Amino acid sequence: MEENVPAPKRSEFNKGAWTAEEDRKLAEVIAVHGARRWRTIANIAGLNRCGKSCRLRWMNYLRPNIKRGNITDQEEDLILRLHKLLGNRWSLIAGRLPGRTDNEIKNYWNSHLSKKVNQNEKQSGGSARQGCKTQKRLAENANEEAREENTCAGCEDPNIGFDVDEFFDFSNEDTRNLEWVSRFLQVDEGFN
DNA sequence: AACAACCTCAACCGCATCAGA
DNA sequence: GTCTGATGCGGTTGAGGTTGT
């Protein structure tokens with residue numbers, strides 16, 4: 001039934017804003033077939049969209065449990081701290097903020113936080129460089145750790161007194177998370 | 001009221017990586 | 001080991017809304 005539907009050529013795909021009808025069709029098909037094989041899903045749903053577009057729509061808008069708007073002060077603080085640690089690793093940052101998407105965080109950063117950070121750096125005489133080295137190091141670690149779980153990132157550096165599992169297990173304990181991030185930032189500041 | 005400038009955010013694009021044949 | 005399609009990510013764009021003049 002499903003894969004006999006000929007896929008449109010790339011140039012024939014619909015672009016631009018999604019309609020409520022398209023959303024409904026997409027959600028229906030995903031409910032039955034699951035959120036994978038996006039090209040097939042697009043075909044089954046009869047959407048004149050590419051698979052990528054369907055995936056993005058689902059991930060950023062239709063997926064259940066998505067929080068929309070109103071980033072709280074606590075979330076903002078966490079974003080700032082995680083960005084300092086990880087750089088533009090939006091998906092990693094989003095993974096620590098339940099219900100938030102990488103796209104939303106990226107947009108929020110670009111429209112709100114980047115300005116804030118720039119202002120702060122100007123005021124404080126700009127210690128951006130200092131953070132840079134650590135940020136790169138941490139981003140690299142984060143990538144490796146994401147792949148090879150169960151290794152100890154802190155083991156290499158005796159100054160870093162935290163557990164890597166804790167690093168990636170933010171669960172929902174926001175307060176605790178902020179605590180270790182603070183701890184890490186203290187280590188970071190003592191790095192130079 | 002009219003227009004320009006600015007802001008926000010959904011969506012697209014290109015590239016990298018992964019997984020299966 | 002190689003090829004190919006699927007998936008994921010980060011950067012960028014552009015439409016629509018808001019604010020300022």
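All values below come from the heavy atoms of this structure, side chains included, with hydrogens, waters and symmetry mates left out. Just so we're on the same page: letters track the sequence lines, and every chain starts at 1. If you're wondering where the values come from, they're calculated on a predicted model, not measured in any experiment.
Separating the CH2 atom of A/Trp90 from the P atom of B/dC15 is a distance of 21 Å, rounded to the nearest angstrom. Look at CG on A/Asn107: it is 14 Å from P on B/dC12, rounded to the nearest Å. Distance, A/Leu47 CG to B/dA11 C1': 15 Å, rounded to whole Å. Atom pair A/Trp38:CH2 and C/dG8:P shows a separation of 8 Å (rounding to whole Å applied).
Residues passing the salt bridge (Lys or Arg N to Asp or Glu O under 4.0 Å) test with A/Arg57, sequence neighbours excluded: A/Asp23. Under the rule for a side-chain contact (heavy atoms from CB on, under 4.5 Å), the partners of A/Asn60 that lie at least two apart in sequence or sit in another chain are A/Leu56, A/Thr101, A/Asp102, A/Asn103. Residues passing the side-chain contact (heavy atoms from CB on, under 4.5 Å) test with A/Leu113 are A/Glu76, A/Ile79, A/Leu80, A/Tyr108, A/Trp109, A/Lys116, sequence neighbours excluded. Under the rule for a side-chain contact (heavy atoms from CB on, under 4.5 Å), the partners of A/Lys52 that lie at least two apart in sequence or sit in another chain are A/Cys50. Residues satisfying the side-chain hydrogen bond (donor to acceptor under 3.5 Å, both in side chains) test with A/Glu75, not counting sequence neighbours, are A/Lys67, A/Thr72, A/Arg100. In terms of the side-chain hydrogen bond (donor to acceptor under 3.5 Å, both in side chains) criterion, residue partners of A/Glu28 (sequence neighbours excluded) are, by chain and number, A/Arg24.
Around the CZ atom of A/Arg36, the shell of radius 6.0 Å holds no more than 12 heavy atoms that belong to other residues, nucleotides or ligands.
Of the candidate nucleotides C/dG10, C/dT7, B/dC12, B/dC12 has the atom lying nearest to any side-chain atom of A/Arg49. Minimum atom distance to the side chain of A/Lys106 is reached by C/dG10, of the listed C/dG10, C/dG5, B/dC13. Comparing C/dG10, C/dT7, B/dC12 against the side chain of A/Arg37 picks out C/dT7 as the nearest. Nearest to the side-chain atoms of A/Trp18 among the listed nucleotides C/dT7, B/dA10, B/dA11 stands B/dA11. Proximity note for A/Asn103 (side chain, C-beta onward) versus C/dT7, B/dA10, B/dC13: the nearest is B/dA10.
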Write down the protein N/O and nucleotide N/O pairs, taken from nucleotides 14-18 of chain C, whose separation is under 3.5 Å; answer none if there are no such pairs.
none

Between the protein and nucleotides 4-8 of chain B, list every N/O to N/O distance that falls short of 3.5 Å.
from: B/dT8; atom 1: OP2; to: A/Ser111; atom 2: O; distance (Å): 3.1

(message) Taking Watson-Crick (N1-N3 plus N6-O4 or O6-N4) and G-U wobble (N1-O2, O6-N3), each under 3.5 Å, can you produce the dot-bracket string of DNA chain B? Use [ ] for crossing pairs and | for inter-strand ones.
(response) .||||||||||||||||||||
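Phosphate contact (OP1/OP2 of C/dT7, side-chain N/O of A/Arg36, threshold under 4.0 Å): absent.
Under a hydrophobic clustering in which Ile, Leu, Val, Met, Phe, Trp and Tyr are joined whenever their side-chain heavy atoms come within less than 4.5 Å, directly or via other members, A/Met59 and A/Ile66 fall into different clusters.
Of the residues in residues 51-62 of chain A, those with a non-hydrogen atom less than 4.0 angstrom from any atom of DNA chain C are A/Lys52, A/Arg55.
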